[in-house]
Each structure stands twice: as structure tokens, then as C-alpha cells.
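Note that the structure is predicted; figures quoted are calculated from it, not measured.
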Amino acid sequence: MSENSPLVRVHVNIELSAAALQAVVANTKKKAGTDDKGHYRLDTADALSELISRFLQEKDFDAFSKDENNY
């Protein structure tokens with residue numbers, strides 16, 4: 001994304017494959033681990049949000065969104 005433009009948090013509905021969501025949950029669980037009672041303390045929605053945000057920044061969503069052919 002443009003280094004000059006501030007980031008804004010938006011809440012949207014997106015479509016992604018069940019396999020992608022399963023991978024996010026599994027990998028988030030692996031990274032977080034369990035507490036002393038064996039419970040996972042994680043928020044997969046936050047993990048998914050961070051993952052998608054990073055992807056959009058790395059793949060230059062700004063340029064993609066400016067191209068009228070993508071609409």
C-alpha cells in the first residue's frame with residue numbers, strides 16, 4: 001500500500017475456501033499452543049484479519065483497486 005496513505009480498518013464479508021479457513025485455524029493453534037489446562041487462547045478471526053491485511057499490503061492492493069478492469 002502507499003506509504004503516504006493511512007490505513008483504515010473496515011469490516012467486510014469475504015468468500016474464501018473452507019480449506020483456507022481450516023489452514024488458518026490449524027496454523028494459529030500451532031503458533032498459540034495451549035495453556036496449562038490444555039485450552040487454546042486465540043482469536044482466529046483476528047489471525048485471519050492480520051493475514052489478509054498483510055497479503056493485501058504485500059500484493060499491492062492499492063494498484064489493483066485503481067485498475068478499472070478489476071471491477
Test: R54 and E58 ion pair at under 4.0 Å: yes

L51 side, atom CG; T44 side, atom OG1 - distance, nearest 0.5 Å: 12.0 Å

Side-chain touch Q57/D62, heavy atoms, less than 4.5 angstrom: no

Partners meeting side chain to side chain contact (heavy atoms under 4.5 Å, CB included) with I14 (sequence neighbours left out): V12, L16, I52

Side chain N70, main chain S65, donor-acceptor under 3.5 Å: no

Per-pair distances, 0.1 Å, donor-acceptor, side chain in residues 33-43, under 3.5 Å, sequence neighbours excluded:
{"residue": "D35", "atom": "OD1", "partner": "K37", "partner atom": "N", "Å": "2.9"}
{"residue": "D35", "atom": "OD1", "partner": "G38", "partner atom": "N", "Å": "3.1"}
{"residue": "D35", "atom": "OD1", "partner": "H39", "partner atom": "N", "Å": "2.9"}
{"residue": "D35", "atom": "OD2", "partner": "R41", "partner atom": "NE", "Å": "3.1"}
{"residue": "D35", "atom": "OD2", "partner": "R41", "partner atom": "NH2", "Å": "3.4"}
{"residue": "D43", "atom": "OD1", "partner": "A45", "partner atom": "N", "Å": "3.0"}
{"residue": "D43", "atom": "OD1", "partner": "D46", "partner atom": "N", "Å": "3.2"}

Joint cluster assignment, F64 & V10, ILVMFWY side-chain distance < 4.5 Å: yes

Pairs flagged by side chain to side chain donor-acceptor pair (under 3.5 Å) wherever residues 9-30 is involved - sequence neighbours left out: none

